[in-house]
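See structure below.
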Protein chains: 2
Amino acid sequence: MAGRPVNHQRRAELLDAAVDYAVEHGFAELSWRPVACALGVSTTTLVHHFGTKEQMLEVILGRLRERTFAATSEAVGDQPDLAAAARAVWTRTSDPRQWAEFRLFFAVYGRALQAPRQFAEFLERVVADWMRSLVEAQGPDTDPAVATRTATLVIATIRGLLLDLLTTGDRDRVQDAAETFLATLEHKARPQRDARPR
Amino acid sequence: MAGRPVNHQRRAELLDAAVDYAVEHGFAELSWRPVACALGVSTTTLVHHFGTKEQMLEVILGRLRERTFAATSEAVGDQPDLAAAARAVWTRTSDPRQWAEFRLFFAVYGRALQAPRQFAEFLERVVADWMRSLVEAQGPDTDPAVATRTATLVIATIRGLLLDLLTTGDRDRVQDAAETFLATLEHKARPQRDARPR
DNA sequence: TAATTCCTTGTACGGTCGTTCTAGTAATAC
DNA sequence: GTATTACTAGAACGACCGTACAAGGAATTA
């Protein structure tokens, strides 16, 4: 009364390949047939492993979030203060090798604003991840209200600059603006902790 | 050898109605049939007036840009300096009555990052409009390099905050962050022009 | 009035979409 | 070996899409 066991690894393989395809081709061509063709399987195989297309999109977004969070978390990591954390995040996000991933990321924003539930939830979680990292980077002795407001501003600014970077590709101009912002952040942090412990 | 003259006003009516529909329903349902149904005409009528669907999208974006630019331009208008201009723009963009329009605006961003030409051009023009307004707001005696970098930062920050506002709807938190940013801007401007002429 | 052009409509075509059905093969448990 | 189940594939269905075609009424000029 038992048959063949489920091969979870097979599903994971297909999922990773699907995420790569989504990052490269965006949502425009994210249909069963093109994806199946690119992955070298039939549409039925994808349906078998992911169920509905909506469900496939959900797991793709989930995995994309894992990647993004891992990248941010690693960048913020053990930075001593907010200014350093912000600079680390910006350095990582402005890396052209990450652009494809962020392009998809902003494409999700576009959809979240018009097809609420599905994408909005994804974004809430991603931003929550960012917020958590950046609030923690400000140390436990910071006023929570100040920490929240500062983290919100940092995320918004980096996101806006990144959006500019992705649409215009003008690295010099955007980098200039980013430096201005980061300098402000570092200038603010200095008087508070003049000789900070290592 | 002449017949009925072209009724340009009719086309303008349909276009405005189409823009309203797009602002309200987004791109998801922006197909000939739903739009035609909402406007109370047949799809063939729309095809007759706009040609291809791509062409209709182009004129819709054009009109959306006109609206956005008019709003920004009016807000910046005769503000004395950059800080005041930025505050005016933020005040206007954070008005919930403008949200639907900005939602569509960001939806265009999402598409521009994956279906380049058509939408990217729209965004370049819109941002160029913003940049021009904000560079002018800094007065003619400002170093162009500084003016560009500052305008870039202001636009990016406002855009990022607006994106946060639209996705989370948390007005208090975002407003807090915006105030922090605007205060920095105003603080910077003060020492340069302590007693400025009215 | 007659001719011409605009405006509008209904219908239909080819294409892609998500999904379902049917069926065959491979791998495990009994 | 046999039964059960996972995996894969191909074909087909209904729905929606953008677009083209044929045709009729309305408005203007000659």
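By convention in this document, chain letters (A, B, ...) are assigned in the order of the sequence lines, proteins followed by strands, and residues within each chain are numbered from 1. From a predicted model like this one, the values you see are computed outputs, not experimental measurements. Side-chain atoms are counted along with the backbone in the values below, which use heavy atoms only and exclude waters and symmetry mates.
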Taking only distance into account, with no hydrogens and no angle test, what donor-acceptor pairs under 3.5 Å do side-chain atoms of residues 86-94 of chain A form with protein atoms, sequence neighbours excluded?
from	atom 1	to	atom 2	distance (Å)
A/Arg87	NE	A/Glu186	OE2	2.9
A/Arg87	NH1	A/Glu179	OE2	3.3
A/Arg87	NH2	A/Glu179	OE1	3.2
A/Arg87	NH2	A/Glu186	OE2	3.3
A/Trp90	NE1	A/Gln175	OE1	3.2
A/Thr91	OG1	A/Arg87	O	2.7
A/Thr93	OG1	A/Val89	O	3.1
A/Thr93	OG1	A/Trp90	O	3.0
A/Ser94	OG	A/Trp90	O	2.9
A/Ser94	OG	A/Thr91	O	3.3

Please report, to 0.1 Å, the donor-acceptor pairs under 3.5 Å made by any side chain of residues 157-169 of chain A, with sequence neighbours excluded.
from	atom 1	to	atom 2	distance (Å)
A/Thr157	OG1	A/Leu153	O	2.8
A/Arg159	NH1	A/Tyr109	OH	2.4
A/Arg159	NH2	B/Gly160	O	3.2
A/Asp164	OD1	A/Thr168	OG1	3.1
A/Asp164	OD1	A/Arg173	NH2	3.0
A/Asp164	OD2	A/Arg173	NH1	3.1
A/Thr167	OG1	A/Leu163	O	2.8
A/Thr167	OG1	A/Asp164	O	3.1
A/Thr168	OG1	A/Asp164	O	2.8
A/Thr168	OG1	A/Asp170	N	3.2
A/Thr168	OG1	A/Arg173	NH2	3.3

Checklist entry - Think A/His48 has a side-chain N or O under 4.0 angstrom from the OP1 or OP2 of D/dT8? => result no
Checklist entry - Rounded to the Å, how far apart are B/Asn7 CG and C/dC7 P? => result 6 Å
Item to check | Which nucleotide in D/dA9, C/dC6, D/dC17 has an atom nearest any side-chain atom of A/Val41 | outcome: D/dA9
Checklist entry - For the pair made of CZ in A/Phe27 and C1' in C/dT16, what is the distance, rounded to whole Å? => result 19 Å
Next on the checklist: With a 4.0 Å limit, can you tell me whether B/Ser42 has a side-chain N or O closer than that to the phosphate oxygens OP1/OP2 of C/dG10?
Outcome noted: no
Checklist entry - In terms of the nearest nucleotide of DNA chain C, which residue is placed more toward the 5' end: B/Pro5 or B/Gly40? => result B/Pro5
Checklist outcome for this item: Separation of D/dG18 atom P from B/Glu29 atom CD, nearest Å, is 12 Å
Solution key, residues 5-12 of chain A side-chain donor-acceptor pairs under 3.5 Å, sequence neighbours excluded:
from	atom 1	to	atom 2	distance (Å)
A/Asn7	OD1	A/Gln9	N	3.3
A/Asn7	OD1	A/Arg10	N	3.3
A/Arg11	NH1	A/His49	O	3.0

Item to check | Whole-Å distance separating the NE2 atom of A/His8 from the P atom of D/dC7 | outcome: 8 Å
Checklist entry - What is the distance from CE of B/Met56 to C1' of D/dC17, rounded to the nearest Å? => result 12 Å
Checklist entry - Around A/Glu58, counting heavy atoms of other residues, nucleotides and ligands shown, do more than 12 lie under 6.0 Å from its CD? => result no
Checklist entry - Does B/Phe69 belong to the same Ile/Leu/Val/Met/Phe/Trp/Tyr cluster as B/Val126, with side-chain heavy atoms less than 4.5 Å apart forming each link? => result no
Next on the checklist: What is the distance, to the nearest angstrom, from the CZ atom on A/Phe50 to the P atom on D/dT8?
Outcome noted: 11 Å
Checklist entry - Who passes side-chain hydrogen bond (donor to acceptor under 3.5 Å, both in side chains) against A/Asp129, sequence neighbours left out? => result A/Arg65, A/Arg132
Checklist entry - Could you write nucleotides 19-24 of chain D as a row of B, S and -, 5' to 3', where a protein heavy atom under 4.0 Å of any base atom gives B, of only sugar-phosphate atoms gives S, and otherwise -? => result B-B---
Checklist entry - Between A/Arg4 and D/dA3, does any side-chain N or O lie under 4.0 Å from OP1 or OP2? => result no
Checklist outcome for this item: A/Tyr21 meets the ring-ring contact (aromatic ring centres under 6.0 Å, His included) criterion, sequence neighbours left out, with A/His25
Checklist entry - Phosphate oxygens OP1/OP2 of D/dC7: is one of them under 4.0 Å from a side-chain N or O of A/Arg11? => result no
Checklist entry - Given D/dT8, is OP1 or OP2 found less than 4.0 Å from the side-chain N or O atoms of A/His49? => result yes
